[in-house]
Structures are given as C-alpha cells and as structure tokens.
Amino acid sequence: MNAEGRFEDVEAYLIAQQAKGLLRFITCGSVDDGKSTLIGRLLHESKALFDDQLAALEGDSRKFGTQGDELDFALLLDGLGAEREQGITIDVAYRFFVTEKRKFIVADTPGHEQYTRNMITGASTADLAVILVDARKGLLTQTRRHSYLVSLVGIRRIVLAVNKLDLVDWSQEVFESIERDYRAFAAQLGIEDVVAIPLSALRGDNLSSPSARTPWYRGPSLLQHLETVDVGGDDASGPLRLPVQWVNRPDLDFRGYSGRILGGRVRPGDAVRVLPSGRTSTVARIVTFDGDLAEARSGQSVTLTLTDDIDISRGDVICAAGDPAGLADQFEATLVWMADAPMLPGRPYLVKLGATTLGASFGQPKYVVDVNSLEHLAAKTLELNGIGVANLTLDRAVAFDPYASNRDMGSFIVIDRYTNQTVGAGLLHFALRRSQNIHWQAVEVDKQARIRQNGHSPCVLWLTGLSGSGKSTIANIVERQLHALGARTYLLDGDNVRHGLSKDLGFTDADRVENIRRIGEVARLMVDAGLIVITAFISPFRSERQLARGMVEDGEFIEIFVDTPLAVVEQRDPKGLYKKARRGELKNFTGIDSPYEVPAAPELHLRTMEQSPEESASAIVDLLVRRGVIRRSH
Ligand SMILES: Nc1ncnc2c1ncn2[C@@H]1O[C@H](COP(=O)(O)OS(=O)(=O)O)[C@@H](OP(=O)(O)O)[C@H]1O
Ligand SMILES: Nc1ncnc2c1ncn2[C@@H]1O[C@H](COP(=O)(O)OP(=O)(O)O)[C@@H](O)[C@H]1O
C-alpha cells in the first residue's frame with residue numbers, strides 16, 4: 001500500500017487550501033477492536049468514499065463477508081490481500097476526509113504488537129489519538145502500550161473510544177469502569193485531556209450523532225468531538241526553523257536555499273542566523289514556483305534568498321536570529337528500537353536528523369521502560385520494540401531543538417550502516433554539556449616528534465579470526481621480528497586485556513562490542529604514542545573493526561584476516577573450548593552459536609592452512625616494509 005505517496009498529495013492539497021481547520025489524528029487499537037470498521041464508517045458518514053471504492057467494498061464484503069448483509073467497513077482499510085489473510089494490517093494508511101467544519105487526516109496503524117514503528121510514524125504528526133477499547137475486554141496490554149507511545153511522541157489529547165457497547169447491552173457501568181481505569185493510567189503518563197465516548201462503530205451509535213441507546217451519555221458523538229476539539233498549539237507560533245534541503249543555484253546571480261519550514265514563520269526583512277556556522281543575515285525574498293510570497297509559515301516548502309552572500313550548505317538550518325536552535329553533538333534521547341538485531345552500545349550507526357545524516361553511537365541504556373507498568377528497568381541493550389533512554393553521541397555538532405519544543409527538529413531515525421535499513425527512531429531530550437567541557441590539551445611533543453625519534457611510523461596491526469586460528473601465535477612472532485628491527489611495539493591480546501581493562505566483560509554481543517571499542521581506543525592512544533600496536537582478538541563484527549579503523553588516521557589501520565576454517569580450529573582446539581561449546585557447556589562461542597563476520601577487504605589475508613606461523617609473520621613484516629612504515633636496515 002503506497003500510503004506515503006498518497007499522503008504527500010493530500011498534504012500538499014490541504015496546505016494549499018489552508019492550514020486552518022485541519023485535524024490530524026491517529027487511531028490505535030488491538031486486533032479486532034473494530035478500528036478499521038470505525039474509520040471506514042467515519043469516511044462513509046463524511047461521504048469521503050468514492051463510488052468505485054464503495055462498489056469494490058460491496059463485492060469484497062460478499063466475498064469475505066463477516067457481517068451478514070451489512071457492509072464490512074474493515075475490508076476497506078485492511079489493504080493488501082496478504083495482510084488481509086494474516087488478519088493484520090502492517091503499514092500506516094493515511095486517509096483524509098472533509099466535513100463542513102473541518103478537514104481530517106487519519107493515520108490508521110496496525111494493532112499488532114510488533115509494529116511499533118508504524119505507530120510512532122503515524123503518531124508523530126498527529127494532534128490527537130483515538131484509542132479503541134473493546135467494551136467486553138477493557139484495557140489490554142496493547143491499550144497501555146499504544147497510549148504510552150502516543151504520549152511519548154507528544155500527543156496530549158486522547159479520545160477513549162469504548163467500542164462494541166452493543167455487546168454489553170449498552171451498559172453504563174461497563175463504560176464508566178473502563179473510563180475510570182483508563183483515566184488512572186493516563187494520569188501516570190501526564191495526560192489529563194481524555195474524552196471517553198461509548199460507541200458501536202459497527203452500528204454507527206454515537207459516531208456522527210448521539211445514539212438513543214445511550215441516553216445516560218450526554219457528551220458529543222465522535223465526529224462532533226473531532227470537529228470541534230481545540231487542538232491549539234500552532235507550529236507557526238514558534239521561532240523560525242528551515243533546514244536547507246538543497247542550495248538552489250541556477251546561475252551566478254541567484255542563490256536560494258530550499259527546504260520545508262519546520263517551525264515559525266518568515267517574512268522578507270527578517271533577521272536570520274544560520275547553524276552550525278552562526279552567521280547572520282537578512283531574508284531578501286521568499287521564492288516559490290508561483291511567485292514571491294510576503295510570508296511563509298511552518299509546513300510550507302520555500303526557497304529563501306538572503307541579502308548577504310554567506311556560506312550555507314545542505315543540512316544547515318536557517319533560524320530566527322533572536323531565537324536560534326541549539327548546537328550540540330551529545331544528547332540524552334529516548335530511543336525506540338525497531339530491528340530484530342538489538343541496539344548495541346558503542347556500535348557505530350547512522351543517525352538522520354532533519355536534512356543531515358551523521359555517524360552516531362549510543363551509550364548503554366540508562367533504563368528501558370516496561371510499557372505495562374511504566375517501570376524503569378535496567379538493560380544492557382535495546383531489543384526489538386524496546387523503548388529506553390540513552391545518551392547519543394554524534395560525530396559532529398548539529399542544530400537541534402528538544403522534541404518537547406519542536407517535534408521535527410528534535411526527532412531522528414537510526415540507520416544500520418551496512419543494510420541501510422531504519423533500525424530505530426528517537427526523540428532528543430536535551431544536549432549534554434559534557435561535550436563542551438572536555439577540551440583537547442594542546443600538546444607540544446606530538447606524534448610527528450615521536451615518529452622522528454622512533455625512526456618509524458605508528459600503525460595498528462589488527463589480527464582477526466576464530467579462536468585458535470593462530471592470531472596470538474603469529475602476533476608473537478611478528479612482535480619479536482619487529483623488535484629485532486628496532487621498532488617500538490606493543491602487543492594487546494586476551495591475556496593483558498581480558499584480565500584487566502575488560503575484566504568486567506563476557507562474550508555477549510554487547511560485551512564484545514564494548515571490548516573491541518575499548519581496544520580500539522587503547523590502540524588509538526598507542527598509535528598517538530608512536531607505537532606499532534599489534535592486536536589479537538577474535539573481533540567478530542565488521543562494525544566494530546570499522547569503528548577501530550576509523551579511530552586512527554587513513555592508512556594506519558592494517559586489518560589482517562587470520563583465516564583458518566572452523567573444522568580445523570575445532571580439530572586444534574588447544575583449550576578444549578570448542579568441545580565444551582559443542583556440548584552446550586559454553587554459550588555464545590564464536591563459530592558455534594555466535595557469528596563471525598568474515599572481513600570483506602582486509603589489507604592482508606593469511607590462510608594458515610597454506611603457510612606456517614613464521615611465513616604468516618614474515619608476510620606481515622614485508623607488508624610494513626612495502627608500506628614504508630618501517631625499514632629493514634633499521
Ligand atoms: N564464548 C566465547 N567465545 C569466544 N571466545 C571465548 C568464549 N569464552 C571464552 N573465550 C576465550 O576468549 C578468547 C576470545 O576473546 P576476545 O577478546 O578475542 O573476543 S572478542 O574479540 O571480544 O569477541 C578466546 O581466546 P582465543 O582463542 O585467543 O581467541 C577464547 O579462548
Ligand atoms: N599455520 C598455522 N598458523 C598459526 N597457528 C597454527 C598453524 N598451524 C597450527 N597452529 C597452532 O594453532 C594454535 C593457534 O592458537 P592461538 O595462536 O592461541 O590462536 P588464537 O590466538 O587465534 O586463538 C596454536 O597452537 C598453533 O601452534
């Protein structure tokens with residue numbers, strides 16, 4: 001279902017008409033709560049259905065018909081056939097409808113527990129959430145989970161739609177008890193604005209007009225409420241934020257900065273400050289396809305020209321001069337994880353924030369949230385659907401606003417560096433001042449001075465391979481040979497690292513990531529000290545080998561794959577660990593029940609089946625000579 005494409009068109013249309021009078025809402029419910037029926041009815045009552053859709057629906061209803069002769073509105077929204085067969089909807093579907101009083105965009109998200117991602121996506125643009133509850137079931141885990149997620153993305157207005165009231169004989173008592181339970185839970189989330197409505201979406205009671213079957217209910221029908229609820233909080237009331245998507249330079253006389261305004265409004269003559277440079281200027285023109293504008297506001301895509309020729313590139317943010325965004329590279333953030341592979345603290349990811357994509361990593365979660373009890377729990381990683389708070393470090397400073405003051409400027413997505421998939425989403429709380437308080441000491445005896453004194457360049461010889469592949473054996477010979485050549489060396493291996501620096505770490509994925517990160521940092525310091533550092537660790541993940549590579553200068557990292565087939569290392573099994581692992585007595589053993597990711601392009605590939613440890617060591621020393629790191633005559 002190409003919901004997004006459709007959404008873009010609708011949005012453009014709505015903005016073109018006028019922003020006023022638009023309500024964006026999201027509907028959340030568990031499977032079978034009647035959510036699709038509810039939306040189908042709303043669309044129907046507001047006459048937003050096209051005739052051909054209705055005709056198709058009638059055909060479908062007869063085919064799948066679960067509601068006797070009545071039209072089954074759920075079929076209209078359940079999208080693709082495959083999804084329909086699974087009985088769950090797996091994407092966000094944006095629909096729009098118009099009544100005399102208002103325009104509506106409704107994000108319909110699936111009720112299935114796995115699809116947190118869709119929920120967050122749908123909710124992040126909504127002003128209000130309709131939370132559906134089946135009157136027979138009351139509040140479910142899902143109800144709490146969805147409410148937590150909508151509160152997380154900043155929604156403060158909730159409609160509690162107590163549905164299927166016909167199946168509990170229109171019981172006022174049932175309705176009021178569910179309402180009471182819900183208000184108590186919502187209060188814990190800081191949500192006070194809850195309007196509870198007794199409904200039968202299937203029969204249309206209290207949907208667009210009050211129902212005679214609930215004489216005890218004096219409130220509005222759902223549609224009446226949606227048409228009149230005050231959503232306040234106009235995006236255009238905040239300070240100007242315009243992330244530059246591209247610099248429009250058709251000829252030497254014109255330079256415009258194009259992007260979508262994510263906060264505030266702008267007029268020619270306004271003073272602006274551009275981040276991260278901090279340069280200031282004044283808006284000259286607001287250029288659009290249909291001519292210049294006297295004013296543009298949040299949500300509009302425009303091109304600005306400035307009175308000064310200052311350097312601005314893609315990803316920079318044009319801000320109100322008197323109230324600019326913040327600038328930082330470390331934050332506390334809420335993170336929602338959406339991938340099967342957990343978030344591993346210290347692992348390098350990409351983060352996309354506004355129009356900028358940067359290298360990023362997360363610290364260990366400060367806590368994860370149990371969405372049922374709202375308890376804070378300790379955790380070392382963040383699993384699929386997990387929600388937690390952690391520190392985020394970016395590889396350079398970016399312009400941002402806390403999510404609480406600007407949803408667009410304060411939210412980001414996390415991308416896996418290798419698969420390019422979105423693996424998480426997050427909200428910025430605040431910048432950590434720490435990054436600004438740690439200053440690099442200017443040192444007088446620098447790396448160049450040490451290189452001159454040592455008579456050779458520093459580097460990292462990073463040996464990677466299975467346990468028993470021969471890393472330590474080869475590394476020891478290399479160190480001996482280099483020492484004989486007069487080089488200053490240091491060998492980092494399990495003996496001196498796992499008993500000291502990393503003695504708190506075991507062999508889970510998260511611990512290995514941290515182990516290798518620490519070794520990378522130590523190797524970086526030693527390279528700065530001018531040494532030839534030799535490391536002999538399994539280092540099974542390419543992400544962290546890449547991380548260690550990135551910590552030193554280009555050319556200083558020499559990855560050496562000590563390639564010995566699993567069958568052979570199992571045969572060697574010097575410490576009897578493979579046998580233990582095969583017997584299930586040792587968990588997470590590399591090659592057995594923990595992965596080893598083979599290097600794709602190592603600087604050196606040693607096949608130990610084809611050469612002795614001495615030959616492998618000589619191949620390494622030869623490479624250093626060829627690269628000019630060290631001279632034989634030294
Ligand atoms: N579960 C499990 N998996 C792998 N290895 C294990 C495990 N438990 C203990 N050992 C012993 O620890 C050595 C590997 O430690 P490393 O620090 O090189 O591992 S890692 O790079 O952090 O993955 C490794 O030593 P080497 O044989 O020198 O590689 C093993 O002897
Ligand atoms: N061609 C070879 N290269 C390296 N090691 C070999 C080779 N052939 C046999 N071995 C033996 O394999 C074992 C490798 O163990 P080790 O060096 O501790 O591996 P690692 O450090 O990778 O765990 C040693 O006992 C070594 O003598």
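For ligands, and for the atoms within them, numbers begin at 1 and follow the listed sequence. Throughout, residue positions are numbered sequentially from 1 according to the sequence presented.
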Margin query: Among L463, D493, T473, which one puts a heavy atom closest to atom 27 (O) of ligand 2?
Written below: T473
Note to self: Which of the numbered atoms in ligand 1 are under 4.0 angstrom from any heavy atom belonging to G468?
What the structure shows: 27 (O)
Next item on the list: Identify whether NZ of Lys or CZ of Arg in R498 sits under 6.0 Å from the centre of the six-membered ring of F507 and within 45° of that ring's axis.
Entry: yes
Note to self: Counting only heavy atoms, tell me which of V562, L577, T590 gets closest to atom 30 (C) of ligand 1.
What the structure shows: L577
Check: Quick one: does NZ or CZ of R347 land under 6.0 Å from the six-membered ring centre of F541, within 45 degrees of the ring axis?
Finding: yes
Checklist line | Ligand-side contact atoms (ligand 1) for residue partner N588, heavy atom cut-off under 4.0 Å | finding: 1 (N), 2 (C), 3 (N)
Notebook entry, point to check: How far is atom 7 (C) of ligand 2 from its nearest protein heavy atom, and which residue and atom is that?
Noted result: R572 NH2, 3.3 Å
Next item on the list: Give the intermediate values and the outcome of side chain to side chain donor-acceptor pair (under 3.5 Å) for residues E610 and T608.
Entry: CA-CA 5 Å; E610 295 166 14; T608 70; over 6 Å; no
Next item on the list: Please report which non-hydrogen protein atom sits nearest to atom 19 (O) of ligand 2, along with the residue it belongs to and the distance in Å to one decimal place.
Entry: G470 N, 3.1 Å
Next item on the list: Report yes if some N/O of S612 lies less than 3.5 Å from some N/O of ligand 2; otherwise report no.
Entry: no
Next item on the list: Determine, considering heavy atoms only, which of Y578, F541, F507, Y596 sits nearest to atom 9 (C) of ligand 1.
Entry: F507
Check: Under a 4.0 Å N-O cut-off, is there an ion pair linking E544 with R517?
Finding: no
Check: Any luck finding a side-chain donor-acceptor pair between D493 and S472 under 3.5 Å?
Finding: no
Notebook entry, point to check: Tell me, which protein residue and heavy-atom name are nearest atom 23 (O) of ligand 2, and how many Å apart are they?
Noted result: G468 N, 2.6 Å
Next item on the list: Give the numbers and elements of all ligand 2 atoms closer than 4.0 Å to a heavy atom of S467.
Entry: 23 (O)
Margin query: Suppose we measure from atom 23 (O) of ligand 1 to each protein heavy atom; which comes out shortest, and what is that distance?
Written below: R512 NH1, 2.8 Å
Margin query: Side chains of H146 and Q142: any donor to acceptor distance under 3.5 Å?
Written below: yes
Checklist line | R512 charged N/C atom sitting above F589 aromatic ring, 6.0 Å / 45° | finding: no
Note to self: Any atom of ligand 1 sitting under 4.0 Å from a heavy atom of G494?
What the structure shows: no
Next item on the list: With heavy atoms only and a cut-off of under 4.0 Å, state how M609 meets ligand 2: side chain, backbone, both or neither.
Entry: neither
Next item on the list: Could you say whether the N/O atoms of I474 and ligand 2 ever approach to under 3.5 Å?
Entry: no
Note to self: Taking the ring centre of each residue, are F400 and F331 less than 6.0 Å apart?
What the structure shows: yes
Next item on the list: Looking only at protein heavy atoms, identify the closest one to atom 21 (O) of ligand 2 and say how far it is in Å.
Entry: S472 OG, 2.6 Å
Check: Does K471 approach ligand 2 within less than 4.0 angstrom via side chain, backbone, both or neither, non-hydrogen atoms only?
Finding: both
Check: Counting each atom of ligand 1 from 1 as listed, which ones have a heavy atom of K575 under 4.0 Å away?
Finding: 25 (O), 26 (P), 27 (O), 28 (O), 31 (O)
Next item on the list: Give a yes or no on whether atom 3 (N) of ligand 2 lies under 4.0 Å from any heavy atom of the protein.
Entry: yes
Item checked: Which residue and heavy atom of the protein sit nearest atom 18 (O) of ligand 1, plus the separation -> I538 N, 2.9 Å
Margin query: Show me which atoms of ligand 2 lie under 4.0 Å from any heavy atom of L466.
Written below: 22 (O)
